[in-house]
Amino acid sequence: MSFSGDIKKELLRQLPAARHCQIAELAALFDLVGRVRQDESGSEYLEIHTENLTVARKSYMLLISVFHDPVEVLVRNHNIRGNIREYYIIVRNRQTIISMLKALKMMDEQGRIAVDCLGHQHRLIQNTCCKRAFLRGVFLAAGSLSDPEKAYHLEFALFSEQFASFIKDILAFFELEAKIVRRKRYFVVYIKEGSQIVDFLNVVEAHIALMEFENVRIVKEVRNSVNRQVNCETANIGKTVAAAAKQIEDIEFIECNMGLRKLARGLREIAELRLEYPDASLQELGKMLDPPIGKSGVNHRLRKLGIIANELKEES
């Protein structure tokens, strides 16, 4: 199962204790995968239709918990993709339909169904706990989270730009900075920052997934830190080897064209040591001298030898 699937299975077990939070989560599911329909006789019924078993199970659990009335459950094979099942949660009882629409703030006291779908959502999620529950429902129905081993990417694929902006505002309430991008027929609300994704998992109370995500994130950060350090040290070693090779080349040129004996005593000593110990660092070369000198002193003498070699090359 995917990382998103594991999170949704964990969220399936999260049934809010408060009725208002259950209604908020059910509202999110109904907004995304539910609708009011009419049968052949013209009677209205409510339908939640999804290909995700977890979403179907959570919708069923919430309906039973909130309204205590039996609902109809249908399972069908997809018309085109026969290996994929479709799940239908259907409410036919007229009184339950009215109670549900009123609870979701989609019907007023006169029995009129609200046109402004976002208006009732704003009224449903006044409390922080209800906002958490609503986001949980939205993630179940339209959210996905990439495997943190591969990338940090949380997104909600939504059909409505207005609804995408609404979700972005709820995330902002919890100080989560999301962005919106158009992808074919969807408006995608996404977060790519690892620490922000961790905060989101905490908001929707997916604590097991949060710990797994954090473990992967810590290992990746340590691994990246070690790789950077190794790459830096490798680059430094490469520079040191290249510099030593150039120094030896200059000293050998001086020895062939002028002779080391004509050099000043300090330059001759460091030249002979470099030829004898080609792999030694500047600090190690400095300690071999009598009296010892520091790294900067050794570097100064070797640079002087380089200048002498260049002058000899120009004369020749």
Side-chain angles (χ1 to χ4, degrees), residues 4 6-34 46 48 50 52 54-69 71 89 91 96 99-107 114 116-145 154-156 158 160 162-178 189-191 193 195-214:
S4 281
D6 290 337
I7 297 172
K8 291 181 181 183
K9 284 188 69 176
E10 180 182 355
L11 295 181
L12 174 64
R13 299 188 293 268
Q14 293 277 5
L15 189 64
R19 186 176 185 272
H20 52 82
C21 291
Q22 293 180 17
I23 292 173
E25 188 168 351
L26 181 61
L29 293 171
F30 191 78
D31 285 336
L32 293 167
V33 295
L46 302 183
I48 292 177
T50 177
N52 190 313
T54 303
V55 173
R57 292 175 65 187
K58 191 59 177 286
S59 301
Y60 179 85
M61 291 167 58
L62 289 168
L63 282 169
I64 296 299
S65 178
V66 174
F67 300 105
H68 309 292
D69 284 334
V71 297
I89 312 297
V91 179
T96 304
S99 298
M100 183 174 170
L101 291 176
K102 286 185 176 180
L104 297 179
K105 305 299 183 187
M106 295 177 64
M107 178 181 285
D116 179 15
C117 65
L118 291 182
H120 73 268
Q121 292 159 354
H122 280 294
R123 294 194 297 274
L124 277 173
I125 57 171
Q126 295 296 315
N127 301 327
T128 300
C129 57
C130 292
K131 288 182 172 66
R132 292 177 185 272
F134 191 85
L135 282 178
R136 192 156 53 237
V138 173
F139 181 81
L140 280 169
S144 65
L145 178 57
L154 166 70
E155 72 173 36
F156 305 88
L158 308 166
S160 164
Q162 189 181 12
F163 192 75
S165 298
F166 178 62
I167 298 303
K168 182 182 176 183
D169 291 341
I170 300 175
L171 292 169
F173 174 84
F174 293 102
E175 298 183 357
L176 300 173
E177 298 179 9
V189 183
Y190 69 93
I191 298 175
E193 176 62 39
S195 60
Q196 294 263 299
I197 294 174
V198 169
D199 290 341
F200 170 80
L201 293 174
N202 185 52
V203 166
V204 297
E205 300 176 303
H207 300 303
I208 296 175
L210 185 154
M211 294 302 296
E212 292 177 1
F213 190 95
E214 275 287 61

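Treat the numbers as computed from the prediction; the structure is a model and nothing was measured.
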Enquirer: Of all heavy-atom pairs between Lys168 and Ala178, which one has the smallest distance, and what is that distance?
Expert: CE-O, 3.1 Å
Enquirer: Do Leu201 and Leu145 have side chains that approach each other closer than 4.5 Å (heavy atoms only, starting at C-beta)?
Expert: yes
Enquirer: Walk me through whether Leu46 and Leu101 qualify under side chain to side chain contact (heavy atoms under 4.5 Å, CB included).
Expert: CA-CA 9 Å; Leu46 302 183; Leu101 291 176; 4.2 Å; yes
Enquirer: So, taking the atom named CD in Glu193 and the one named CG in Leu176, what distance separates them when rounded to the nearest 0.5 Å?
Expert: 11.0 Å
Enquirer: Rounded to the nearest 0.5 Å, what's the gap from CZ on Arg57 to CG on Leu12? Could you check?
Expert: 5.0 Å
Enquirer: Identify the two heavy atoms, one from Asp69 and one from Ile64, that lie closest to each other, and give their separation to 0.1 Å.
Expert: O-CD1, 3.3 Å
Enquirer: Rounded to the nearest 0.5 Å, what's the gap from CG on Leu140 to CZ on Arg136? Could you check?
Expert: 8.5 Å
Enquirer: Filter on side chain to side chain donor-acceptor pair (under 3.5 Å), then keep only pairs touching residues 10-23, sequence neighbours left out; what's left?
Expert: Gln22-Ser65
Enquirer: Using modelled atom types only, decide if a donor and an acceptor are shared between the side chain of Asn127 and the backbone of Cys129 within a distance under 3.5 Å.
Expert: no
Enquirer: Any chance you could lay out the side chain to side chain contact (heavy atoms under 4.5 Å, CB included) test for Glu175 and Asp199, step after step, and finish with the verdict?
Expert: CA-CA 9 Å; Glu175 298 183 357; Asp199 290 341; over 6 Å; no
Enquirer: Can you tell me how far apart CG (Leu124) and CE (Met106) are? Round to the nearest 0.5 Å.
Expert: 10.0 Å
Enquirer: Answer yes or no: is there a side-chain heavy-atom contact under 4.5 Å between Val66 and Met100?
Expert: no
Enquirer: State whether Phe173 and Lys131 meet the cation-pi test: NZ (Lys) or CZ (Arg) under 6.0 Å from the six-membered ring centroid, and within 45° of the perpendicular axis.
Expert: yes
Enquirer: Any carboxylate oxygen within less than 4.0 angstrom of a Lys/Arg side-chain nitrogen, looking at Arg132 and Glu205?
Expert: no
Enquirer: Please confirm whether the backbone N or O of Gly143 pairs with a side-chain atom of Lys8, one donor and one acceptor, at under 3.5 Å?
Expert: yes
Enquirer: CG of Leu29 to CG of Leu62: how many Å apart, nearest 0.5 Å?
Expert: 6.5 Å
Enquirer: Assess whether side chain to side chain contact (heavy atoms under 4.5 Å, CB included) is satisfied between Thr128 and Phe174, documenting all intermediate values.
Expert: CA-CA 9 Å; Thr128 300; Phe174 293 102; 3.7 Å; yes
Enquirer: Given side chain to side chain contact (heavy atoms under 4.5 Å, CB included), test Phe166 with Val138 step by step and report yes or no.
Expert: CA-CA 11 Å; Phe166 178 62; Val138 173; over 6 Å; no
Enquirer: Specify the closest pair of heavy atoms between Val33 and Ala141, including all atoms of both residues, with the distance to one decimal.
Expert: CG1-CB, 4.4 Å
Enquirer: Using 30° and 60° as the class limits, which term best fits the ring planes of Phe163 and Phe134: parallel, tilted or perpendicular?
Expert: tilted
Enquirer: Shortest non-hydrogen contact from Ala133 to Ala24?
Expert: CB-CB, 4.3 Å
Enquirer: Minimum heavy-atom separation for Ala209 to Ile7, with atom names?
Expert: CB-CG1, 3.6 Å
Enquirer: With Phe200, which residues qualify under ring-ring contact (aromatic ring centres under 6.0 Å, His included), at least two apart?
Expert: Phe139, Phe156
Enquirer: CD1/Ile167 to CG/Leu32 distance, rounded to the nearest 0.5 angstrom?
Expert: 7.5 Å
